[in-house]
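Taking it in order: structure first as structure tokens, then the write-up.
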Amino acid sequence: MTKKIQIALDGPAGAGKSTIAKIVAEQLDFTYIDTGAMYRAVTYKALKEGILLDDAQHLKSMLEQTTIELQPSKEGQLVFVDGENVSAEIRSNEVTANVSQVAAHAAIREILVEMQKALASKGGVVMDGRDIGTHVLPQAELKIYMSASVEERARRRLLDNEKRGIESTLEGLMKDIALRDQKDSEREASPLIQAKDAIFLDTTNLSIDEAAQEILKLAKAKMV
Ligand code: C5P
């Protein structure tokens, strides 16, 4: 029998994590968990309720009164906030521009990290984020840190946005991505950093399928 391992997939915005994680999870019959969607869900609700994003206490009490559910589906992971399907809304430019500020609060991270640990506790998961290998699942059997050049990541986001009907330009996206990388790497609470025991995968010149195959090979070696 093969082991139901935990796979931690970290890296900056647009490195291809979610697309690749989905393929890997599907091939292994594992559950895919997109932790960025949880930070986005909190940001979405805070913006909707007009809560100041630097008010950690207020955000924390809001989150304590909020239910966030992740549901796998054919179109990818669906996200529900207080029972409402917000899977499309959490990808808006407004949420994207503000999510790093919300994710920088230690009080918010503590709550979401507990939820993430619980979701992964039975194993058989591919979890993507920024701090999975370092904080959420430090005992994960396989840790990958995935990156690509800023230009390549912006190009991918542009195509993604076109598909979703979100307007953007390559230049604007390069700026956004570089800024979000900086905020995520420089914050005090669980910054974006490669875990010591993570394998680095540069996807700049890899197709989605090549990157997924590489991870599947590494995963299968850990599952015997
Ligand atoms: O992965 P995605 O781009 O949707 O993540 C949105 C934001 O959520 C990131 O820029 C980061 O600020 C935050 N995040 C985080 N820790 C995670 C996942 C996402 O801080 N594990």
Side-chain angles (χ1 to χ4, degrees), residues 6-22 25 32-47 53-54 56 59 63 68 70 76-79 81 86-120 125-138 140 143-148 150 152-154 156-161 164 166 168 173-195 198 203:
Q6 294 175 331
I7 302 178
L9 206 53
D10 290 299
K17 295 188 303 288
S18 61
T19 314
I20 292 162
K22 258 179 248 164
Y32 163 58
I33 303 167
D34 170 7
T35 62
M38 298 166 85
Y39 291 94
R40 288 174 178 273
V42 178
T43 308
Y44 164 78
K45 183 164 175 185
L47 288 168
L53 302 186
D54 59 359
L59 287 172
L63 181 52
I68 298 176
L70 306 178
Q77 177 194 262
L78 298 178
V79 185
V81 170
V86 296
S87 314
E89 289 82 350
I90 61 166
R91 308 282 160 199
S92 71
N93 286 337
E94 197 190 5
V95 170
T96 302
N98 288 290
V99 61
S100 290
Q101 192 181 351
V102 171
H105 297 300
I108 299 301
R109 305 198 68 83
E110 244 168 62
I111 299 173
L112 294 185
V113 166
E114 277 316 305
M115 290 169 64
Q116 291 156 9
K117 283 185 193 229
L119 288 170
V125 291
V126 182
M127 185 173 270
D128 93 36
R130 304 293 190 285
D131 60 340
I132 310 306
T134 52
H135 285 90
V136 182
L137 305 176
K143 298 180 184 179
I144 309 282
Y145 187 91
M146 195 182 274
S147 196
V150 171
E152 176 60 20
R153 288 189 279 137
R156 291 174 189 169
R157 236 333 109 88
L158 188 68
L159 290 175
D160 211 37
N161 282 354
R164 295 177 198 270
I166 298 173
S168 47
L173 286 173
M174 279 177 70
K175 266 195 207 142
D176 288 353
I177 285 178
L179 188 69
R180 201 139 62 95
D181 281 1
Q182 192 187 1
K183 280 192 197 155
D184 289 343
S185 309
E186 290 178 356
R187 72 173 175 229
E188 247 171 69
S190 309
L192 169 65
I193 186 175
Q194 183 178 346
T203 67

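Hydrogens, waters and symmetry mates are skipped; everything else that's a heavy atom, side chains included, is used. The first residue in the sequence is number 1, and the count goes up from there. Both ligands and their constituent atoms are indexed starting at 1 by order of listing. Please read these numbers as outputs of a predicted model, since none were measured by experiment.
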Can you measure from NE2 (His105) to CG (Leu59) and round to the nearest 0.5 angstrom?
5.0 Å
Might you point out which heavy atoms bring Lys117 and Val136 nearest each other, and give the distance in Å?
CG-O, 3.4 Å
State the atoms of ligand 1, each with its element, that fall below the 4.0 Å cut-off from a heavy-atom position in Asp184.
9 (C), 10 (O), 11 (C), 12 (O)
Looking only at protein heavy atoms, which one is nearest to atom 18 (C) of ligand 1, and how far off is it?
Thr35 OG1, 3.4 Å
May I ask you to identify, for His135, whether its side chain, its backbone, both or neither come under 4.0 Å of ligand 1 on a heavy-atom basis?
neither
Which ligand 1 atoms are under 4.0 Å away from a heavy-atom of Arg40?
2 (P), 3 (O), 4 (O), 6 (C)
Show the atoms of ligand 1 that are less than 4.0 angstrom away from any heavy atom in Asp131.
16 (N), 17 (C), 21 (N)
Please could you name the atoms of ligand 1 that Ala103 approaches to less than 4.0 Å, counting only its heavy atoms?
12 (O), 13 (C), 20 (O)
Just go through Met127, Arg187, Arg157, Arg130 and tell me whose heavy atom is the nearest to atom 9 (C) of ligand 1.
Arg130
Backbone, side chain, both or neither: what part of Gln116 comes under 4.0 angstrom of ligand 1, heavy atoms only?
neither
Does a donor on one side chain and an acceptor on the other come within less than 3.5 Å for Thr203 and Arg156?
yes
Counting both backbone and side chain atoms, is some N or O of Arg180 under 3.5 Å from an N or O of ligand 1?
yes
Sub-3.5 Å donor-acceptor pair from the side chain of Arg40 to the main-chain atoms of Ile90, do we have one?
yes
Could you list the atoms of ligand 1 found under 4.0 angstrom from a heavy atom of Val99?
6 (C), 7 (C), 8 (O)
Side-chain (Ser87) to main-chain (Val79) donor-acceptor, under 3.5 angstrom
yes
If you scan protein heavy atoms around atom 16 (N) of ligand 1, the nearest is Arg109 NH2, 3.0 Å
So which heavy atom in the protein is nearest atom 19 (C) of ligand 1, and how far is it from that ligand atom?
Gly36 CA, 3.5 Å
Do any nitrogen or oxygen atoms of Lys17 lie less than 3.5 angstrom from nitrogen or oxygen atoms of ligand 1?
no
Counting heavy atoms under 4.0 Å, the part of Ser100 that contacts ligand 1 is both
Is Lys183 touching ligand 1 with its side chain, its backbone, both, or neither, if touching means heavy atoms under 4.0 Å apart?
neither
Salt bridge or not between Asp160 and Arg164? Use side-chain N to carboxylate O under 4.0 Å.
yes
Side-chain ion pair, Arg153 and Asp181, N-O less than 4.0 Å:
yes
Go through it in stages, so that I can follow the logic: the residues are Tyr44 and Val102, the test is side chain to side chain contact (heavy atoms under 4.5 Å, CB included), and I'd like the CA-CA distance, side-chain angles, deciding distance and then a yes or no.
CA-CA 10 Å; Tyr44 164 78; Val102 171; over 6 Å; no
Could you tell me whether Arg109 and Asp131 have a side-chain N and a carboxylate O separated by less than 4.0 Å?
yes
Hey, is the main chain of Asp128 close enough, under 3.5 Å, to the side chain of Lys17 for a donor-acceptor pair?
no
